[in-house]
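My questions all concern the structure below.
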There are 2 protein chains.
Amino acid sequence: MARWAPDAAGRLQTAALELYAERGFEQTTVADIAARAGVTARTYFRHFIDKREVLFSGQSELQAFLAEWIETQVGPDDPMTRVIAGLEAAAAHFPDKTELSVKRSAIIASNAELRERELQKLASLAAVIAEALGRSGIDPAAARIVGEVGMMVFKLGYERWIGGDHTSFAATIRSTFDDLRTAMRGEGQAAARQSAGFA
Amino acid sequence: MARWAPDAAGRLQTAALELYAERGFEQTTVADIAARAGVTARTYFRHFIDKREVLFSGQSELQAFLAEWIETQVGPDDPMTRVIAGLEAAAAHFPDKTELSVKRSAIIASNAELRERELQKLASLAAVIAEALGRSGIDPAAARIVGEVGMMVFKLGYERWIGGDHTSFAATIRSTFDDLRTAMRGEGQAAARQSAGFA
DNA sequence: GTCTATATCGCGATAGAC
DNA sequence: GTCTATCGCGATATAGAC
């Protein structure tokens with residue numbers, strides 16, 4: 001028999017999610033989490049850099065998938081189209097929406113520090129998209145913008161998906177992007193100004 | 001004579017900026033900052049919730065200005081146009097780019113915790129824009145999207161302004177938005193797919 | 001795994017402003 | 001007198017060093 005129970009990281013994640021849900025993030029100490037997972041606080045910090053990070057694994061898989069997808073596409077489509085298609089593909093591979101994922105979102109929403117970490121992860125997603133586009137030969141400034149837009153669509157789409165109805169994540173991404181395009185298009189005054197020679 | 005030197009908060013901000021620039025954020029303790037400002041660490045925490053917050057005042061003025069501006073506009077322009085115009089107006093009221101503001105940006109860029117806080121402030125800006133639009137009768141979902149876009153334009157524009165050439169902040173905001181519109185419009189494949197019935 | 005720095009916050013006291 | 005800014009002390013937990 002092994003000296004330690006396997007998958008300490010997994011047990012820590014489960015313990016943390018449970019405790020954060022039960023008592024709230026601030027009322028939970030890292031020592032509590034470690035105890036429930038059957039390890040010491042020191043071991044916790046070997047697996048996760050800080051108290052927040054337990055809730056944000058998975059992010060790196062998404063980033064890797066997207067970067068790979070963006071760089072291996074060969075079509076003549078423009079960067080924005082390519083990134084949104086990549087997000088839809090990634091969304092199709094997402095695990096189903098479970099009670100736990102909803103709970104996780106609620107925990108994050110309830111605490112400022114956790115919301116900050118989530119934003120940092122999203123910023124990192126934007127950077128990954130921009131870098132992948134850059135490696136595909138897209139101009140860096142344009143890549144930066146498209147990375148930000150892609151990230152925003154993912155953020156709003158995820159939010160809608162978790163909070164909402166029963167549509168698939170991929171479909172939610174698509175409709176979010178459509179709504180964004182509509183908002184950007186502008187009507188009346190805006191259209192007039194634009195056709196008057198804006199860019 | 002007053003019992004305490006006035007403007008403790010201001011002295012704390014100055015001291016913090018100096019020390020963060022001299023030794024770096026992590027190498028500076030709150031006690032150091034307080035000492036240089038002539039108060040105790042306990043007093044520091046009465047003015048700023050945590051070690052990072054000293055670098056992010058000013059944000060609330062921007063938010064108040066924008067909310068006010070958005071709600072008092074009367075033109076028939078669509079929300080996106082209104083928000084960008086508001087950002088340009090706010091940018092026109094910004095203090096000049098000084099050595100200190102550049103230094104402040106460099107400090108923030110050099111530390112992950114500070115970048116997280118900056119993102120949180122920007123998220124709060126997006127929320128403020130969305131709420132102001134909501135109070136102006138705009139549909140909440142559309143307001144949310146426009147808030148996010150406005151925030152992004154501000155973020156990218158500020159970054160370009162601080163990092164770049166000699167253009168005014170307002171002009172930088174405008175050209176950033178133009179670039180965003182160009183990226184969103186999409187060419188070739190994207191245009192074809194769109195006219196094939198996407199939105 | 002142990003040791004430690006320090007960020008953060010609660011509490012009670014103090015002194016001047018109004 | 002009440003209000004407000006500050007101090008000083010003490011406690012706890014995160015996070016990094018050794």
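Lettering of chains follows the sequences in order, A, B, ..., and the numbering in each one begins at 1.
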Anything under 30° is parallel, anything over 60° is perpendicular, the rest tilted; go ahead and classify B/Phe169 against B/Trp161. parallel

Evaluate the ring planes of B/Tyr158 and B/Phe154, with Trp represented by its six-membered ring, and classify them as parallel (under 30°), tilted (30 to 60°) or perpendicular (over 60°). parallel

What's the closest nucleotide to the B/Phe45 side chain, out of D/dT14, C/dC9, D/dC7? C/dC9

Nearest-Å distance for atom pair CD/P, residues B/Gln27 and D/dA15: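 Taking atom P of D/dA15 as the reference, CD of B/Gln27 is at 17 Å.
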
Is any side-chain heavy atom of B/Asn111 closer than 4.5 Å to a side-chain heavy atom of B/Arg115?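 Answer no - side chains too far apart.
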
Rounded off to whole Å, could you give me the CG-to-P distance for the B/Asp50 and D/dA13 pair?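 Rounding to the nearest Å, CG of B/Asp50 and P of D/dA13 are 19 Å apart.
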
Is the shortest side-chain N/O distance from B/His47 to OP1 or OP2 of D/dA5 below 4.0 Å?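 Answer no for this pair, as no side-chain N or O of B/His47 is under 4.0 Å from OP1 or OP2.
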
Under 4.0 angstrom, heavy atoms only, what part of the nucleic acid is A/Thr40 near: base, sugar-phosphate, or nothing? sugar-phosphate

Do the numbers put B/Arg52 on top of the ring of B/Tyr20, so that NZ or CZ is under 6.0 Å from the six-membered ring centre and no more than 45° off the axis?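 No, B/Arg52 does not sit over the ring of B/Tyr20.
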
Please compare A/Thr28 and A/Arg42 by the position of their nearest nucleotide in DNA chain D and report the one closer to 5'.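 Its nearest nucleotide lies further toward 5', so the answer is A/Thr28.
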
Select from B/Arg46 and B/Ala31 the residue whose nearest nucleotide in DNA chain C is closer to the 5' end of that strand. B/Ala31

Whichever of B/Arg52 and B/Trp4 has its nearest DNA chain C nucleotide further upstream toward 5':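 Nearest nucleotide further toward 5': that of B/Arg52.
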
According to a strict under-4.0 Å criterion, is A/Thr29 in side-chain N/O contact with OP1 or OP2 of D/dA13?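 For D/dA13, OP1/OP2 do not have a side-chain N/O of A/Thr29 under 4.0 Å.
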
Once you apply a heavy-atom cut-off of 4.0 Å, does B/Ala8 come out as touching a base, just sugar-phosphate, or nothing?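 Contact class for B/Ala8: sugar-phosphate only.
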
Rounded to the nearest angstrom, tell me the gap between atom CZ in B/Phe48 and atom P in C/dC9.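 Value for this atom pair: 14 Å.
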
Atom CG of B/Leu12 and atom C1' of C/dA7: how far apart are they, to the nearest Å? 15 Å

